[in-house]
2 protein chains.
Amino acid sequence: MGNVSTKAEDIVSCARALIIKGGYNSFSYADISSVVGIRKASIHHHFPAKADLVRTVVKQYREEGEAGIAALERNVPDPLDQLRAYVGYWEACIADASHPFCVCALLASEIQVLPEDVALEVRGHFQTLSEWLTSILERGIAEGRFASIGTARENAEMLMATVHGAMLSARAYGDPAIFGVITKPLLKRIAV
Amino acid sequence: MGNVSTKAEDIVSCARALIIKGGYNSFSYADISSVVGIRKASIHHHFPAKADLVRTVVKQYREEGEAGIAALERNVPDPLDQLRAYVGYWEACIADASHPFCVCALLASEIQVLPEDVALEVRGHFQTLSEWLTSILERGIAEGRFASIGTARENAEMLMATVHGAMLSARAYGDPAIFGVITKPLLKRIAV
DNA sequence: GAAAACCTACCAACTAGTAGGCAGTCCGTC
DNA sequence: GACGGACTGCCTACTAGTTGGTAGGTTTTC
């Protein structure tokens, strides 16, 4: 069939969910074992060390993210609509609690205690995302659709930081709605 | 003397540093033991369970924060200067790496795997901080010093989220300067 | 002399990780 | 078409080290 997930895929997606819940040090192979229905040692067969597993999770997460960006670039011509799509994606994820935090944002907070190769992937995600947002803002400014206070790069970093901070606030308050409260005015300020 | 720190104080400040480094699950009593120069069991004498220790860390952190807020309310009359002092405080902490992340912001990201009483303290910090920022913005708007796009509360939540996100970006990039890059334009937008 | 602070010596449970075996599958050779 | 090796996925059983936490004794301090 091809749509039946393999154990390795199950392990990765379970690990992703556990990372989103509480970060690198909050879960163990035993946790995955009981959820996926596989022995601990079998997880080691697929991912010899925990760092291997988490690196795989982050790599896959980045690939999916970049595929999402590419799709937006293809299907959504307007830069403001692209930003709305990006923010709206997270708003939906937080609202339905399916995936209520960015894997890399969570791992970034723990970056000082992460295996080095995982940390590099996390940093890479921040760079990729910031570059994409910068390119949107540059285009929006060039087209006269966005306010041009400050450089595109500065605004992109601010936008990304605010979205991450809004995720954090939603989590701290235990209230998904706060994400929208923070991000809606944000987009309004960017558009002319 | 009174200025010689007690072991209990040492334990709390060591735990605080370790939490800032990587969160609740990234450190153990053994880590504190080796840094402070006390046996593991003696830490349990002062703080029977890890949750007690971390709750103490967060409570103390909040008290210090509220003392800082009170001092600003006393000594800094201008609302924009108060915001500058708040943001500037964190900029300095991040630049000299002495204290490069908000304890409660870090714990908030792990809130789903935190003991409940610790989680409540963390949430309390977000509320306190948000209320203070809201009051500053209300005053600034009333005095005609701040732009009044959106409510004070919305802007306060956005400001807090952006500061937290900026901490995260500084950490992810491994570059303290990014905090200033993000927060400087932020304050400029708030002032008329 | 009592209380607080600190110690040694434990514990059970859990951590990531390893060794080695077994069933099924793919694939080339006879 | 049968056979055998190589490989894959998963297993049981184990390891050494770490986790948070406890029991009970000794030292220090007021």
Side-chain angles (χ1 to χ4, degrees), chain A residues 1-19 21-58 60 107 110-119 121, chain B residues 1-19 21-58 60 107 110-119 121:
Chain A
M1 284 300 180
N3 62 346
V4 234
S5 65
T6 67
K7 288 284 181 187
E9 285 165 359
D10 290 350
I11 293 165
V12 170
S13 71
C14 176
R16 186 199 284 213
L18 291 172
I19 291 169
K21 196 174 176 200
Y24 189 89
N25 287 304
S26 78
F27 76 97
S28 72
Y29 271 32
D31 297 324
I32 296 176
S33 161
S34 64
V35 174
V36 172
I38 193 180
R39 295 291 133 162
K40 223 164 51 78
S42 307
I43 305 174
H44 280 288
H45 167 74
H46 294 282
F47 305 97
K50 195 178 182 181
D52 298 317
L53 171 55
V54 176
R55 188 168 11 85
T56 304
V57 168
V58 177
Q60 195 183 91
L107 291 177
E110 301 177 302
I111 209 159
Q112 301 207 36
V113 295
L114 250 36
E116 204 181 327
D117 49 354
V118 175
E121 286 287 337
Chain B
M1 285 300 180
N3 64 344
V4 234
S5 64
T6 68
K7 288 282 182 187
E9 286 165 358
D10 289 352
I11 291 166
V12 170
S13 71
C14 176
R16 185 198 285 212
L18 290 172
I19 290 170
K21 196 175 176 198
Y24 188 89
N25 287 304
S26 78
F27 76 97
S28 71
Y29 272 32
D31 297 325
I32 296 176
S33 161
S34 64
V35 173
V36 173
I38 193 178
R39 298 290 133 162
K40 221 161 55 77
S42 308
I43 305 174
H44 280 287
H45 167 73
H46 293 283
F47 305 98
K50 195 179 181 181
D52 299 316
L53 171 56
V54 176
R55 188 167 13 84
T56 304
V57 169
V58 177
Q60 193 183 92
L107 291 177
E110 300 177 305
I111 208 158
Q112 302 207 36
V113 294
L114 250 37
E116 204 182 327
D117 49 354
V118 176
E121 286 286 337

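Residue numbers begin at 1 in each chain, while the letters A, B, ... track the order of the sequences.
- A:Tyr29 contributes no side-chain N or O that, together with a main-chain N or O of A:Arg39, makes up a donor-acceptor pair within less than 3.5 Å.
- Shortest non-hydrogen contact noted between A:Pro115 and A:Tyr24 is CG-OH, 3.4 Å.
- A salt bridge is defined here as a Lys NZ or Arg NE, NH1 or NH2 lying under 4.0 Å from an Asp or Glu carboxylate O, and A:Asp52 with A:Arg55 meets this definition.
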(request) Would you give a per-nucleotide map of nucleotides 8-24 of chain D, 5' to 3', where B means the base has a protein non-hydrogen atom under 4.0 Å away, S means only the sugar-phosphate does, and - means neither? (result) -BBBBB-----SBBBB-
(request) Take A:Val54 and A:Leu107 through the test side chain to side chain contact (heavy atoms under 4.5 Å, CB included) and record every step on the way to the result. (result) CA-CA 10 Å; A:Val54 176; A:Leu107 291 177; 4.2 Å; yes
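- Atom CG of A:Leu53 sits about 9.5 Å away from atom NE2 of A:His44, to the nearest 0.5 Å.
- Using a 4.0 Å cutoff to heavy atoms of chain B, the contacted part of DNA chain C runs 5' to 3' from C:dA5 to C:dA9.
- The CD atom of A:Glu9 sits 10.5 Å away from atom NE2 of A:His46, with the distance rounded to the nearest 0.5 Å.
- Once rounded to the nearest 0.5 Å, the distance linking CD1 of A:Ile38 with NE2 of A:His45 reads 8.5 Å.
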